[in-house]
There are 2 protein chains.
Amino acid sequence: MLSHKAKYALKALLYLAEQDENHISKTIEIAEGANIPKKFLEQILLDLKRGHFVSSKQGKYGGYYLIKSKNDITLAEIHRLFDGAIALLPCASLNFYEPCSDCKTESECHLRHGLMLIRDKTLQAMQGITIASLVQK
Amino acid sequence: MLSHKAKYALKALLYLAEQDENHISKTIEIAEGANIPKKFLEQILLDLKRGHFVSSKQGKYGGYYLIKSKNDITLAEIHRLFDGAIALLPCASLNFYEPCSDCKTESECHLRHGLMLIRDKTLQAMQGITIASLVQK
DNA sequence: TTAAATTCTAGTAATTATGTAGAATTTATA
DNA sequence: TATAAATTCTACATAATTACTAGAATTTAA
């Protein structure tokens with residue numbers, strides 16, 4: 001399941017993607033438009049900025065805007081930024097790999113192989129969903 | 001990600017699937033064989049029993065055994081029993097559906113459609129992984 | 001009757017999720 | 001240059017969930 005943070009991030013990106021080119025959106029505007037708690041959204045937007053999905057203009061008349069094409073922002077990336085691994089266990093993860101603490105040896109782990117198959121399928125599906133594909137829905 | 005509970009459940013089922021037909025496994029035996037905290041495993045086995053994956057014999061010389069074919073126990077079922085929805089949000093779930101609290105109307109939710117596509121792909125992959133497929137690895 | 005197992009009902013400790021508060025900083029413009 | 005209005009930063013709060021543990025009750029074979 002997605003955390004609220006990841007869900008709100010997606011909704012904020014959708015909001016930004018629907019604005020006119022060159023439009024700068026204030027946090028409060030996004031919060032009200034997408035129904036997200038404003039103070040929570042502040043943090044999320046900073047995370048999205050650190051992830052190079054959006055950028056900001058500070059000070060009066062400042063706000064946020066997309067810096068990555070809505071065609072290039074995938075659900076997989078947002079999931080990884082906010083919720084971490086897409087795989088079902090760390091030992092089956094590409095980006096968040098960690099060995100199982102409770103497996104004697106990795107080759108003996110009967111779960112890993114199957115979970116990597118799932119990861120590949122899910123990842124492929126998540127990479128196919130972009131902000132653009134969601135906007136036009 | 002899978003909870004420890006779900007992971008332990010899978011490992012316990014794998015352990016049971018590897019035993020001889022008609023063999024009854026004590027909790028302590030499974031716990032040591034699969035490296036699972038014993039008291040925690042007790043609860044998990046009861047959940048698996050309530051889910052009709054295993055059954056038990058009480059009293060001295062009692063223990064647990066599979067009652068469902070290892071070919072018919074899928075990762076999807078175990079995920080749902082211990083970790084709930086496979087979909088990324090409740091509004092996109094088949095078995096754990098709930099409307100979004102923060103969406104004005106369901107048809108206006110731009111996330112739902114995309115998340116249902118992911119759910120279908122992931123579910124299909126998870127239904128393809130059975131205990132039998134994991135045992136032979 | 002006893003030993004050895006499951007089953008049941010609580011409880012607990014640590015972690016994570018979901019926010020909020022408030023001050024500091026930045027910037028446009030009057 | 002002062003001010004208003006925005007982002008940014010640091011810290012905290014609180015509730016829920018996760019991952020267990022404790023111990024008594026029940027069941028059953030011998």
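Residue numbering restarts at 1 for every chain, and letters A, B, ... go by the order of the sequence lines. Predicted model, so just to flag it, every value in this text is computed and none were measured.
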Inset, instruction - Using whole Å, report how far CG of Asn35(A) lies from P of dG19(C). - result: 11 Å
Legend entry - 5'-most by nearest nucleotide on DNA chain C - Tyr8(A) or Gly63(B): Gly63(B)
Inset, instruction - To the nearest Å, give me how far apart CD1 (Ile36(A)) and C1' (dT20(C)) are. - result: 16 Å
Inset, instruction - Any chance you could lay out the side chain to side chain contact (heavy atoms under 4.5 Å, CB included) test for Leu46(A) and Tyr64(A), step after step, and finish with the verdict? - result: CA-CA 10 Å; Leu46(A) 285 171; Tyr64(A) 289 91; 3.9 Å; yes
Inset, instruction - Rounded to the nearest angstrom, tell me the gap between atom CD1 in Ile30(B) and atom C1' in dT6(C). - result: 12 Å
Legend entry - Sugar-phosphate only, base, or nothing, as touched by Tyr61(B) at under 4.0 Å among non-hydrogen atoms: sugar-phosphate
Inset, instruction - Consider the side chain of Lys57(A), meaning its heavy atoms from C-beta on, and name the nucleotide among dT27(C), dT6(C), dA19(D) that approaches it most closely. - result: dT27(C)
Legend entry - Side-chain donor-acceptor contact under 3.5 Å, Gln19(A) with Tyr65(A): no
Inset, instruction - Take atom CG of Leu46(A) and atom P of dT10(D), then tell me their distance rounded to the nearest Å. - result: 11 Å
Inset, instruction - Report yes if a side-chain nitrogen or oxygen of Tyr64(A) is closer than 4.0 Å to either non-bridging phosphate oxygen (OP1 or OP2) of dT8(D); otherwise report no. - result: yes
Legend entry - Residues, nucleotides or ligands: over 12 heavy atoms within 6.0 Å of Lys68(B) NZ: yes
Legend entry - Glu42(A) CD to dG19(C) C1', straight-line distance once rounded to whole Å: 12 Å
Inset, instruction - Check the pair Thr130(A) / Asn71(A) against side chain to side chain donor-acceptor pair (under 3.5 Å), numbers first and verdict last. - result: CA-CA 6 Å; Thr130(A) 64; Asn71(A) 293 296; 5.0 Å; no
Inset, instruction - Describe the nucleic acid contact of Lys49(B) in one word from base, sugar-phosphate, nothing, applying a heavy-atom distance below 4.0 Å. - result: sugar-phosphate
For nucleotides 9-14 of chain C, print each protein N/O atom paired with a nucleotide N/O atom at under 3.5 Å, atom names and distance only.
{"unit_1": "dA10(C)", "atom_1": "N6", "unit_2": "Gln43(B)", "atom_2": "NE2", "d": "3.2"}

Inset, instruction - Please report, rounded to the nearest Å, how far the P atom of dT8(D) is from the NZ atom of Lys38(A). - result: 12 Å
Inset, instruction - For Gly59(B), answer base if it contacts any base atom (sugar-phosphate contacts may also be present), sugar-phosphate if it contacts only those atoms, and nothing otherwise; contact means non-hydrogen atoms under 4.0 Å. - result: base
Inset, instruction - Verify the neighbour count for atom CD of Gln124(B): are there more than 12 heavy atoms of other residues, nucleotides or ligands below 6.0 Å? - result: no
Legend entry - d(CE, Met1(B); C1', dT16(C)) in whole Å: 13 Å
Inset, instruction - Report yes if at least one side-chain N or O of Ser3(A) is closer than 4.0 Å to OP1 or OP2 of dT16(C); otherwise report no. - result: no
Inset, instruction - Tell me which nucleotide among dC8(C), dT27(C), dC20(D) gets nearest to the side chain of Arg50(B). - result: dC8(C)
Legend entry - Rounded distance (Å) that lies between atom C1' of dT7(D) and atom CZ of Phe40(A): 18 Å
Inset, instruction - Report yes if at least one side-chain N or O of Thr27(B) is closer than 4.0 Å to OP1 or OP2 of dA5(C); otherwise report no. - result: no
Inset, instruction - Counting heavy atoms from C-beta on, name the nucleotide in dT7(C), dT8(D), dT21(D) closest to the side chain of Gln58(A). - result: dT8(D)
Inset, instruction - Just call it for Phe82(B): base, sugar-phosphate, or nothing, with non-hydrogen atoms closer than 4.0 Å on any strand. - result: nothing
Legend entry - Presence of salt bridge, Lys70(A) and Glu18(A), under 4.0 angstrom: no
Inset, instruction - Could you check which of dG19(C), dT7(D), dT7(C) has an atom nearest any side-chain atom of His4(A)? - result: dG19(C)
Inset, instruction - Record whether the side chain of Lys39(A) comes under 3.5 Å of the base of dG22(C) through a donor-acceptor pair of N or O atoms. - result: yes
Inset, instruction - Using modelled atom types only, decide if a donor and an acceptor are shared between the side chain of Lys49(B) and the backbone of Val54(B) within a distance under 3.5 Å. - result: no
Legend entry - Most 5' of Lys60(A) and Leu45(A) on DNA chain D, judged by nearest nucleotide: Lys60(A)
Legend entry - side chain to side chain contact (heavy atoms under 4.5 Å, CB included) between Glu29(B) and Lys38(B), intermediate numbers included: CA-CA 9 Å; Glu29(B) 185 185 323; Lys38(B) 194 225 172 201; over 6 Å; no
